[in-house]
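Below: the structure, in structure tokens.
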Amino acid sequence: MIFSFSIVEIGLTTPTDSLKFVNARDLQLIGKGFAVTQTTYERLPARLEGKTRPPVWSLSKNCSGLAIRFRTNSRVIAAKWEVIDDLVMNHFAPSGIKGLDLYCLKNGKWQFVRIARPEKKTTTAIIIDHMVGNDMEYMLYLPLYDGLVNLEIGVESTADISNPQVDSPHKELPVVFYGTSITQGGCASRAGMSYPNQLSRMLDRQIINLGFSGNGQLDLEVGETMADIDASCFVIDCLGNVTVAQMNEKFVRFLEILRVKKPNIPILLVENIHFPYMYFDQAVFSEVEGKNATLQRIYSGQKKNGDRNIYYMKADKLIGNDFEGTVDGVHLTDLGFLRISQSMYPVIRKLIK
């Protein structure tokens, strides 16, 4: 027997062909660390093509950490977007991989509105309908694990839509995150729930997401590029993608590269989270413990060598201790992302002050 399911989205009644669509390139793009990129919605500068490893370059086309800021008095907000890969995974919701995630600034805080669900390579969707029609500030998060060919935002034909009037999240001195698939956002149900994006709202500070799924391997040219960003803090959370041998070979040099251009900016080193399944798989347990011990030794060495602005975050409570924060024993659910955000928030808030 074959079952077919259809979901009627309650309240979304405005036809999209009655709306005017504005190219998002004409609005404010936040979360981008480099001005000169091959296309608008990507994360590494054009000069790194051919200089960094192919998988890193490919993943830099994913939009994690990028968002569109705008202001409108429209009672309806829609989106029309085309993704590059139309990626599908067996442990990651399409809404997080290639959907859009809308927030509204209310009473000085960012409040979740609704997502735009991806349907195919090109999707047109009403995100929210029947609003009051007051001038409001919005932030539309872009896909975590896919790139964009094009994005348009739809509003009522008589409505105004413009760049924001409020500087939130603050654009000066962003927090830069370097790391793995978890840093990139795997496997949040929607883009706003990745831990760097949550921290951006909590800190009211823009973030730069340089998480590269499976490829946060201390590539030195990426470190050199990171050092060009006028950052308030660097968060290095890459242990899930490196071996102890790679750490011994490259970690100190990676830090030295950052320090050449940014001698006093805080650097926060983050241990490998405790994967729930490592308490059953003894080989994984030994690997994680070995990497965390190596990171502790590297941190202590940097402190002894005079780096007064390097900091350390242990992993024992990062995602809680009830083993319920992951989807597959490694990648985080929204619960895991919320916990790691709440753990990091007071630490990073202190560092960026």
Side-chain angles (χ1 to χ4, degrees), residues 27-37 40-45 47-48 60 63-71 103 105 108-110 137-142 163-179 183-185 191-192 194-212 216 221-238 254-270 299 302 307-313 340-353:
L27 300 170
Q28 185 182 86
L29 175 64
I30 67 171
K32 187 172 179 177
F34 310 99
V36 182
T37 54
T40 302
Y41 306 113
E42 53 187 270
R43 299 183 291 148
L44 285 179
R47 67 178 185 271
L48 278 192
S60 76
C63 299
S64 185
L66 303 182
I68 303 296
R69 282 281 284 110
F70 63 97
R71 182 181 183 89
Y103 277 73
L105 189 63
K109 299 291 184 182
W110 286 104
E137 301 263 338
Y138 295 94
M139 178 162 56
L140 185 66
Y141 286 110
L142 306 189
N163 280 316
Q165 296 180 9
V166 180
D167 180 25
S168 179
H170 294 301
K171 62 184 178 182
E172 298 297 327
L173 302 175
V175 179
V176 179
F177 292 85
Y178 174 74
T183 314
Q184 189 175 335
S194 76
Y195 85 78
N197 283 346
Q198 288 195 53
L199 283 166
S200 177
R201 298 192 301 276
M202 294 165 75
L203 297 164
D204 196 24
R205 184 73 61 102
Q206 286 192 34
I207 60 95
I208 308 297
N209 191 317
L210 296 177
F212 302 104
E221 71 283 352
V222 176
E224 292 169 356
T225 303
M226 285 173 58
D228 290 334
I229 301 173
D230 192 12
S232 60
C233 179
F234 294 108
V235 180
I236 313 297
D237 183 16
C238 66
F254 193 91
L255 296 174
E256 290 172 345
I257 287 170
L258 292 178
R259 283 296 181 231
V260 168
K261 292 183 179 179
K262 298 293 189 292
N264 300 312
I265 298 302
I267 297 176
L268 177 62
L269 306 181
V270 183
Y299 164 74
Q302 295 301 108
D307 192 337
R308 300 177 61 184
N309 292 298
I310 193 164
Y311 301 88
Y312 194 86
M313 189 152 204
I340 197 170
S341 301
Q342 291 173 335
S343 296
M344 286 187 174
Y345 169 68
V347 177
I348 298 176
R349 182 182 62 177
K350 183 177 180 180
L351 295 183
I352 67 176
K353 282 186 176 180

With Glu172 via side chain to side chain contact (heavy atoms under 4.5 Å, CB included) - residues at least two apart:
none
State which residues pass side chain to side chain donor-acceptor pair (under 3.5 Å) with Gln184; sequence neighbours excluded, sorted by chain then number.
Asn62
Tyr141: which residues meet the side chain to side chain donor-acceptor pair (under 3.5 Å) condition with it, sequence neighbours left out?
Arg201
Using a 3.5 Å distance criterion without hydrogens, assess whether the side chain of Asp204 forms a donor-acceptor pair with backbone atoms of Ser168.
no
Residue pair Pro45 / Phe34: nearest heavy atoms and the distance that separates them:
CD-CD1, 3.5 Å
Those residues that, when tested against Asp228, pass side chain to side chain contact (heavy atoms under 4.5 Å, CB included) (two or more places apart):
Arg47, Lys261
Thr183: what forms a side chain to side chain contact (heavy atoms under 4.5 Å, CB included) with it, not counting sequence neighbours?
Phe177, Thr180, Tyr195, Pro196, Asn209, Asp237
Give me the atom names and distance for the closest heavy-atom approach of Pro174 to Ile229.
CG-CG2, 4.2 Å
CG of Asn197 to CD1 of Ile207: how many Å apart, nearest 0.5 Å?
5.0 Å
Qualifying residues under side chain to side chain donor-acceptor pair (under 3.5 Å), relative to Asn309, sequence neighbours excluded:
none
Starting at CG of Leu29, measure out to SG of Cys63 and round the result to the nearest 0.5 Å.
8.5 Å
Not counting sequence neighbours, which residues clear ring pair (Phe, Tyr, Trp, His ring centres under 6.0 Å) with Phe234? List them please.
none
Output for pair (Cys238 SG, Phe254 CZ), nearest 0.5 Å, gives 7.0 Å
Rounded to the nearest 0.5 Å, the CG atom of Leu48 sits from the CZ atom of Arg43 at a distance of 12.5 Å
Let's go through Leu210 and Phe212 carefully: what are the C-alpha distance in whole Å and the side-chain angles of both, what is the deciding distance for side chain to side chain contact (heavy atoms under 4.5 Å, CB included) to 0.1 Å, and is it a yes or a no?
CA-CA 6 Å; Leu210 296 177; Phe212 302 104; 3.9 Å; yes
Using salt bridge (charged side-chain N to carboxylate O under 4.0 Å, His left out) as the criterion, list what pairs up with Glu224, not counting sequence neighbours.
none
For a quick test of reading the model, state the closest non-hydrogen atom pair linking Pro169 to Ile30 and the distance between them.
CD-CD1, 4.0 Å
Determine, step by step, whether Tyr178 and Ile267 satisfy the side chain to side chain contact (heavy atoms under 4.5 Å, CB included) criterion, reporting the C-alpha distance in whole Å, the side-chain angles of both residues, the deciding distance to 0.1 Å, and the verdict.
CA-CA 11 Å; Tyr178 174 74; Ile267 297 176; over 6 Å; no
Would the distance check show the side chain of Ser232 and the main-chain N or O of Leu173 forming a donor-acceptor pair, the cut-off being under 3.5 Å?
yes
Test of understanding: with side chain to side chain contact (heavy atoms under 4.5 Å, CB included), list the residues that count as partners of Lys171, not counting sequence neighbours.
Asp167, Gln206
Working for side chain to side chain contact (heavy atoms under 4.5 Å, CB included), residues Arg69 and Val166
CA-CA 10 Å; Arg69 282 281 284 110; Val166 180; 4.2 Å; yes
Under 3.5 Å, is there a donor-acceptor pair linking the side chains of Trp110 and Ser200?
no
Gap separating the CG atom of Leu44 from the CD atom of Glu221, nearest 0.5 angstrom
9.0 Å
Holding to salt bridge (charged side-chain N to carboxylate O under 4.0 Å, His left out), I want the full list of residues that pass it with Arg71, two or more places apart in sequence or in another chain.
Glu137
Could you go through Leu255 and Leu269, starting from their C-alpha distance and side-chain angles, then the distance that decides it, and tell me whether this counts as side chain to side chain contact (heavy atoms under 4.5 Å, CB included)?
CA-CA 10 Å; Leu255 296 174; Leu269 306 181; 4.1 Å; yes
Check residues 344-352 and write down every donor-acceptor pair under 3.5 Å in which the side-chain atom is one partner and the other belongs to a residue at least two apart or another chain.
unit_1, atom_1, unit_2, atom_2, d
Tyr345, OH, Arg349, NH1, 3.4

Provide the closest heavy-atom pair for Asn163 versus Gln28 in the form atom of the first, atom of the second, distance.
OD1-N, 2.7 Å
Could you tell me the separation between the NZ atom of Lys32 and the CD1 atom of Ile208, rounded to the nearest 0.5 Å?
10.5 Å
Can you sort out the partners of Gln302 under side chain to side chain donor-acceptor pair (under 3.5 Å), two or more places apart, ordered by chain and number?
none
Report yes if some heavy atom in the side chain of Pro164 is under 4.5 Å from a heavy atom in the side chain of Met139; otherwise report no.
no
